[in-house]
Amino acid sequence: MSGERKNTIAKPTTEKSNAATKNKLSQGQADILIAIVAMTWGCSYLLMKIGLTGMPPFSIIALRFCIAFITVALVFLPKMKLMNLRTLGYGSILGLLLFGVFAFLVPGMKYTTASNAGFLVGIVSVFVPVVHSFLKHKLPSKRTTLGVLLALLGICLLTFLSTFTINLGDILCILSAFSYTIQIILMDHFTKETDSFLLGIWQLGFTGLYGVIFTFLFETPSLPGSGAQWGAILGLAIICSAFGFIVQPVAQEYTSPEHTSMLFALEPVFSMIFAYIFLHEKLSLQGAIGAFLIMVGVVIAASTHEE
């Protein structure tokens with residue numbers, strides 16, 4: 001969520017450090033990784049629904065991201081020693097925005113369905129190109145515009161599978177999408193100035209920290225009360241967070257915010273597929289058309305390479 005790498009404004013020493021610690025990806029490889037991340041996040045809505053049956057929202061966020069941060073930090077402990085103040089500062093900003101994503105999303109899911117939440121957060125694929133183009137003072141490319149329109153139409157078709165009324169849950173999910181938009185755009189900027197892998201780790205840590213603070217301020221801290229809830233939390237922490245939010249900044253350094261946002265439009269499609277497999281929700285003809293349009297929009301936008 002043009003196609004070419006943007007000119008970095010980082011200092012030469014930072015560039016050298018990045019080159020020494022990362023293997024370069026092609027844009028196609030980066031886009032594939034982003035699509036895989038979208039797939040893992042597609043299952044997160046179901047897992048969050050399970051977690052909400054016995055835990056308050058901020059406790060879920062705190063536990064999910066603290067476990068993710070501790071796991072990744074222990075696995076890559078030697079890498080953690082390369083941390084600098086710039087990476088820490090950027091991580092705190094991205095962590096705050098990422099916390100905002102889930103601070104709106106998780107409570108919102110108490111008032112709307114998992115599928116609806118996935119579709120509404122999917123409008124980030126529309127927000128990012130619009131906001132990014134505004135910041136660059138130019139219009140998106142024709143291919144990107146077409147891809148956005150097709151994805152938006154597909155998301156609308158998926159959303160209108162049931163009676164669509166704007167309630168508190170829907171509003172919170174839309175605010176989550178907006179916070180996610182800012183996070184993606186800033187991520188694109190920050191990964192050009194610091195080590196993207198470390199940046200991904202520290203944003204997890206700060207998201208967990210903000211979750212702990214809000215838990216003690218507004219909730220009674222609690223732990224999962226059943227095996228199913230523990231499974232959901234560990235799935236959210238290890239698969240959706242430790243993997244997803246580490247791979248995202250690494251891959252996003254080699255693609256554009258427009259591509260990232262369009263590939264994340266696959267998230268509600270994967271969410272619906274998982275719902276079909278595990279909850280036996282049937283896909284209507286309208287839903288199939290919507291999913292197809294999203295995929296076509298993603299392919300069109302992902303094939304854009306600006307000069």
Side-chain angles (χ1 to χ4, degrees), residues 33-77 79-80 91 94-95 98-110 113-115 117-118 121 176 180 183 197-216 219-251 264 266-268 270-280:
L33 286 176
I34 293 293
I36 293 174
V37 170
M39 180 178 68
T40 65
W41 290 344
C43 73
S44 68
Y45 299 95
L46 302 178
L47 297 177
M48 282 188 282
K49 272 290 188 183
I50 295 173
L52 281 168
T53 59
M55 295 180 65
F58 294 132
S59 293
I60 292 176
I61 297 172
L63 196 57
R64 167 182 178 173
F65 284 96
C66 284
I67 291 175
F69 173 71
I70 292 171
T71 301
V72 177
L74 289 176
V75 172
F76 297 100
L77 189 58
K79 181 78 170 178
M80 296 292 290
L94 292 178
L98 190 58
F99 173 74
V101 171
F102 292 97
F104 290 124
L105 175 60
V106 179
M109 291 185 65
K110 296 176 66 175
T113 65
S115 296
V121 175
S176 173
Y180 205 178
Q183 193 260 3
F197 190 82
L198 279 175
L199 186 62
I201 295 176
W202 282 108
Q203 76 164 349
L204 292 178
F206 278 104
T207 303
L209 175 62
Y210 299 137
V212 170
I213 293 173
F214 272 67
T215 295
F216 280 95
E219 296 174 349
T220 300
S222 63
L223 294 173
S226 67
Q229 290 175 10
W230 269 112
I233 293 298
L234 291 176
L236 288 168
I238 305 301
I239 299 175
C240 302
S241 298
F243 171 77
F245 288 109
I246 296 299
V247 171
Q248 181 201 354
V250 173
F264 282 162
L266 291 172
E267 191 175 325
F270 287 122
S271 176
M272 186 167 53
I273 291 173
F274 285 119
Y276 173 79
I277 295 173
F278 296 105
L279 300 180
H280 308 292

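- Looking at heavy atoms from C-beta onward, L266 lies out of side-chain contact with M39 at the 4.5 angstrom threshold.
- Side-chain atoms of I213 and L209, non-hydrogen and from C-beta on, do get closer than 4.5 Å to each other.
- In this structure F214 satisfies the side chain to side chain contact (heavy atoms under 4.5 Å, CB included) test together with F58, F99, F218, sequence neighbours excluded.
- Between the side chain of Q203 and the main chain of L98, no donor-acceptor pair closer than 3.5 Å is present.
- For S241, the side chain to side chain donor-acceptor pair (under 3.5 Å) partners are R64, not counting sequence neighbours.
- Rounded to the nearest 0.5 Å, atoms CG (L94) and CD (Q183) are 5.5 Å apart.
- Take F76 and apply the ring-ring contact (aromatic ring centres under 6.0 Å, His included) test, not counting sequence neighbours, and it matches F197.
- The two residues K110 and P57 have their closest heavy-atom pair at CD-CG, 4.2 Å.
- Looking at every heavy atom in both residues, T40 comes nearest to V37 through OG1-O, 2.7 Å.
- Scored by the ring-ring contact (aromatic ring centres under 6.0 Å, His included) test, F270 finds no partners at all (sequence neighbours excluded).
- In terms of modelled atom types and a separation under 3.5 Å, the side chain of S271 and the main chain of E267 share no donor-acceptor contact.
- The nearest pair of heavy atoms linking M55 to S222 is CE-O, 3.4 Å.
- Between the side chain of T207 and the backbone N or O of G95 there is at least one donor-acceptor pair closer than 3.5 Å.
- I246 and G200 get closest at one heavy-atom pair: CD1-C, 3.3 Å.
- Smallest separation of non-hydrogen atoms from T215 and A62: OG1-CB, 3.8 Å.
- Considering every non-hydrogen atom in both L33 and A251, the closest pair reads CB-CB, 3.9 Å.
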N/O donor to acceptor pairs below 3.5 angstrom from side-chain atoms of residues 230-239, sequence neighbours left out:
from	atom 1	to	atom 2	distance (Å)
W230	NE1	P224	O	3.4

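- By the ring-ring contact (aromatic ring centres under 6.0 Å, His included) test, F69 is found to be paired with W202, residues two or more places apart in sequence or in another chain being considered.
- V121 is listed as a side-chain neighbour of L105, based on a closest heavy-atom distance under 4.5 Å.
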